[in-house]
Amino acid sequence: MSAHELDRRQSTSARTAASELLRALASPTRIAIVQSLGSESRCVHELVGELELSQPLVSQHLRVLKDAGVVRGERNGREIMYSLVDHHIVHIVDDALVHATEEPTTEPVAAAPAATDDSDSDPVAPDAAAPDSAATDSAGTNSARTNSSATATPTAAHTSVDAR
């Protein structure tokens, strides 16, 4: 297998994992749970009181988040304390909330420069390395310059994990 094929397979795998993560977060209730768990571990009854939802509904949402690897539960006596597996999730949720409340712009978004490793950097400038006519995707990122320009599109499949 060539290095290019290996990179493509890993990017596809990473995009699939990111898609599953975003699907698990695709509920206002689950976003609220992640925000709450971002500050400290909580048990179900604490989340029920904070979110003003029924215990079965909160438990169902916690199960979706747990199955997706977003939260974990640790037994503490008779209670299970839930916490985030990775605090990067809070940043994803916070960024999504900021984005959702921003005023839309009419200006096109400039493509972010591709991340490079300075230890073996190419002397060619990033703009010179990619042709000006390179295609941009719907998010405005230059797909010829970066392998991480996956964009999520809504599908009917996301509703299968959207417990209401």
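Everything numeric in this text was worked out from a predicted model, so none of it was measured.
- Residues Val90 and Leu97 share a hydrophobic cluster, clusters being chains of Ile/Leu/Val/Met/Phe/Trp/Tyr side chains in contact below 4.5 Å.
- The structure places OG of Ser41 at 12.5 Å from CD1 of Ile80, a figure rounded to the nearest 0.5 Å.
- By the rule that hydrophobic residues join a cluster once side-chain heavy atoms approach within less than 4.5 Å of another member, Val70 and Leu51 end up as members of one cluster.
- Here the straight-line distance linking atom NE2 of His61 with atom OG1 of Thr29 works out to 4.0 Å at 0.5 Å rounding.
- For the atom pair CG (Leu21) and NE2 (His88), the distance works out to 12.0 Å, reported to the nearest 0.5 Å.
- Distance check, rounded to the nearest 0.5 Å: CD of Glu46 to CD of Glu40 gives 7.0 Å.
- Residues His87 and Gly38 share a closest heavy-atom pair of CE1-O, 3.5 Å.
- The two atoms that bring Arg42 and Leu37 nearest to each other are N-CD2, 3.8 Å, heavy atoms only.
- Without hydrogens or angle criteria, Ser36 side chain to Ala32 main chain gives no donor-acceptor distance under 3.5 Å.
- A distance of 8.0 Å separates CD1 of Ile92 from CG of Asp86, quoted to the nearest 0.5 Å.
- By the 4.5 Å heavy-atom criterion applied to side chains, Val48 and Leu53 are not counted as neighbours.
- Put simply, the side chain of Val98 reaches to within 4.5 Å of the side chain of Glu102, judged on heavy atoms.
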Quick one, Ser59 with Arg63, criterion side chain to side chain contact (heavy atoms under 4.5 Å, CB included). Give me CA distance, side-chain angles, the key distance, then yes/no. CA-CA 6 Å; Ser59 293; Arg63 186 178 64 243; over 6 Å; no
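- Taking hydrophobic clusters as Ile, Leu, Val, Met, Phe, Trp and Tyr residues chained together by side-chain heavy-atom distances below 4.5 Å, Met81 does not share a cluster with Leu65.
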Kindly indicate, with the supporting measurements, whether the criterion side chain to side chain contact (heavy atoms under 4.5 Å, CB included) is fulfilled by Leu62 and Val58. CA-CA 6 Å; Leu62 282 167; Val58 171; 3.9 Å; yes
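- Summarising the geometry, atom CD belonging to Glu20 is positioned 7.5 Å from atom OG1 belonging to Thr16; distances are rounded to the nearest 0.5 Å.
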Could you give me the CA-CA distance, side-chain angles and deciding distance for Ile89 and Leu25, then say whether side chain to side chain contact (heavy atoms under 4.5 Å, CB included) is met? CA-CA 9 Å; Ile89 302 297; Leu25 294 173; 4.3 Å; yes
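- In the hydrophobic clustering of ILVMFWY residues, with side-chain heavy atoms under 4.5 Å counting as a link, Leu47 and Val85 come out apart.
- Glu74 CD: 12 or fewer foreign heavy atoms inside a 6.0 Å radius.
- Arg72 approaches Leu84 most closely through the heavy-atom pair NH2-O, 3.6 Å.
- Using modelled atom types, one side-chain atom of Arg30 and one backbone atom of Ala24 make a donor-acceptor pair closer than 3.5 Å.
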